[in-house]
K.L.:
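Structure in structure tokens, see below.
For the numbers below, each heavy atom of this structure counts, side chains included, while hydrogens, waters and symmetry mates do not. Positions are given from 1, in the same order as the sequence printed here. As the structure lists them, so they are numbered: ligands from 1, and atoms in each ligand from 1.
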Amino acid sequence: MAKQRLPKPGTIEVNPSILSADFARLADELAVIEKAGVKMVHLDIMDGHFVPNITIGPPVVAKLRQHSKLFFDCHRMITDPRKYAPAFVEAGANHITFHIEVEKRPAELIKILHDMGITAGLCVNPETPVKAIEKVAPLCDMVLVMTVHPGFGGQKFIASAAKKVKTIRKIVGPNVRIEVDGGIDIKTTPIVVGYGADTLVAGHAIFSKKDRIAAINALRNACK
Ligand code: DX5
Ligand code: ZN
């Protein structure tokens, strides 16, 4: 299978989060969103420690890899992002995100991920200031701005957290993707795109709808 790459900056991408999908039918869910023409899928990895919820780990990612050619964006809400990086790469992750809140030497981890042949992402929680990532953000391929407290789908968008996108865009320039995650729907999409986000993670807004394809198209139309 050809190695999937992060879509080049310059396009707006809808990035469905499987957290609100039917976990008993994940392969089918991926097939449907692929049909909608999305290039990537956001896999939420939770360890029950960094966040108060537990989802999937490398074995599930590896099985999904057998069913899908989509770019796997692995948002790892875990306490030990270094320890588990090789396992996720081996499972078929194309992009690995870690949280700045649990990594003391982020530049080093970004290099480790690049050396493993994948792209690297850095994530900030709503209460984490931009200052925490200003030096290292330009080194990664995609910055992830949480617009809810991580752990659960279907929460209310935190407008003050979204505003950080503006500052981060100034810091990283046009060549690093900025992903927003949490409470993204047709109402909040124009706000975050206006701030400079280009990658829209959406769980509830897609998978709570019977027609996933129509929901993805509605998000695309909301950016226009
Ligand atoms: C929450 C996850 C999100 C989640 C977003 O911790 O990181 O990716 O699925 O869910 P919605 O789009 O439902 O707010
Ligand atoms: Zn996420």
K.L.:
Suppose we measure from atom 10 (O) of ligand 1 to each protein heavy atom; which comes out shortest, and what is that distance?
P.N.:
Gly153 CA, 3.6 Å
K.L.:
Which residue pairs pass the side chain to side chain donor-acceptor pair (under 3.5 Å) test with at least one member in residues 154-166, sequence neighbours excluded?
P.N.:
none
K.L.:
Looking only at protein heavy atoms, which one is nearest to atom 8 (O) of ligand 1, and what is the separation?
P.N.:
Asp181 OD1, 2.7 Å
K.L.:
Where is the nearest protein heavy atom to atom 1 (C) of ligand 1: which residue, which atom, and how far?
P.N.:
Phe152 O, 3.5 Å
K.L.:
Below 3.5 Å, N or O to N or O, backbone or side chain included: is there any such pair between Leu19 and ligand 1?
P.N.:
no
K.L.:
Using every non-hydrogen atom in the two residues, find where Ala215 and Ala205 come nearest and quote the distance to one decimal.
P.N.:
CB-O, 3.4 Å
K.L.:
For atom 13 (O) of ligand 1, grab the closest protein heavy atom and report residue, atom and distance to one decimal in Å.
P.N.:
Gly154 N, 2.7 Å
K.L.:
Is there a donor in the side chain of Thr79 and an acceptor in the side chain of Asp47, or the other way round, less than 3.5 Å apart?
P.N.:
yes
K.L.:
Under a 4.0 Å N-O cut-off, is there an ion pair linking Glu134 with Lys131?
P.N.:
yes
K.L.:
Within a strict 4.5 Å, meaning less than it, do heavy atoms of the Asn94 and Arg5 side chains meet?
P.N.:
no
K.L.:
So which protein heavy atom does atom 12 (O) of ligand 1 come closest to, and at what separation?
P.N.:
Gly203 N, 2.8 Å
K.L.:
Please tell me whether Asp44 and His42 have a donor and an acceptor in their side chains that are separated by less than 3.5 angstrom.
P.N.:
yes
K.L.:
Heavy-atom contact check, 4.0 Å cutoff: does Phe207 meet ligand 1?
P.N.:
no
K.L.:
Quick one about Thr128 and Asn125 (side-chain donor to acceptor, distance below 3.5 Å, no hydrogens or angles considered), yes or no?
P.N.:
no
K.L.:
Can you sort out which atoms of ligand 1 are near Met77, meaning under 4.0 Å from one of its heavy atoms?
P.N.:
6 (O), 7 (O)
K.L.:
Can you list the ligand 1 atoms lying under 4.0 Å from a non-hydrogen atom of Pro150?
P.N.:
6 (O)
K.L.:
Taking the six-membered ring for Trp, is the centroid-to-centroid distance between His95 and Phe72 below 6.0 Å?
P.N.:
no
K.L.:
What are the two closest heavy atoms between Met46 and Thr55, and how far apart are they?
P.N.:
N-OG1, 2.9 Å
K.L.:
Show all protein N/O/S atoms under 2.8 Å from the Zn ion (ligand 2), or state that there are none.
P.N.:
His42 NE2, Asp44 OD1, His75 ND1, Asp181 OD2
K.L.:
Is the closest basic N to carboxylate O distance between Arg82 and Glu103 below 4.0 Å?
P.N.:
yes
K.L.:
Closest heavy-atom contact between Val176 and Arg169?
P.N.:
O-NH1, 2.7 Å
K.L.:
Out of all atoms in ligand 1, which are within 4.0 Å of some heavy atom of Ala202? Include the element for each.
P.N.:
12 (O)
K.L.:
Which residue holds the protein heavy atom closest to atom 9 (O) of ligand 1, what is that atom called, and what is the gap in Å?
P.N.:
Ser17 OG, 2.7 Å
K.L.:
In the protein, which heavy atom is nearest to atom 2 (C) of ligand 1, and how far is it?
P.N.:
Asp44 OD1, 3.4 Å
K.L.:
Name the closest protein heavy atom to atom 14 (O) of ligand 1, giving the residue it belongs to and the distance to 0.1 Å.
P.N.:
Gly183 N, 2.8 Å
K.L.:
Just which atoms of ligand 1 are under 4.0 Å from any heavy atom in His75?
P.N.:
7 (O)
K.L.:
Would a single hydrophobic cluster contain both Ile96 and Phe71, if residues Ile, Leu, Val, Met, Phe, Trp and Tyr are joined by side-chain heavy-atom contacts under 4.5 Å?
P.N.:
no
K.L.:
Identify, by atom number and element, the atoms of ligand 1 in contact range of Gly182, meaning under 4.0 Å from any of its heavy atoms.
P.N.:
14 (O)
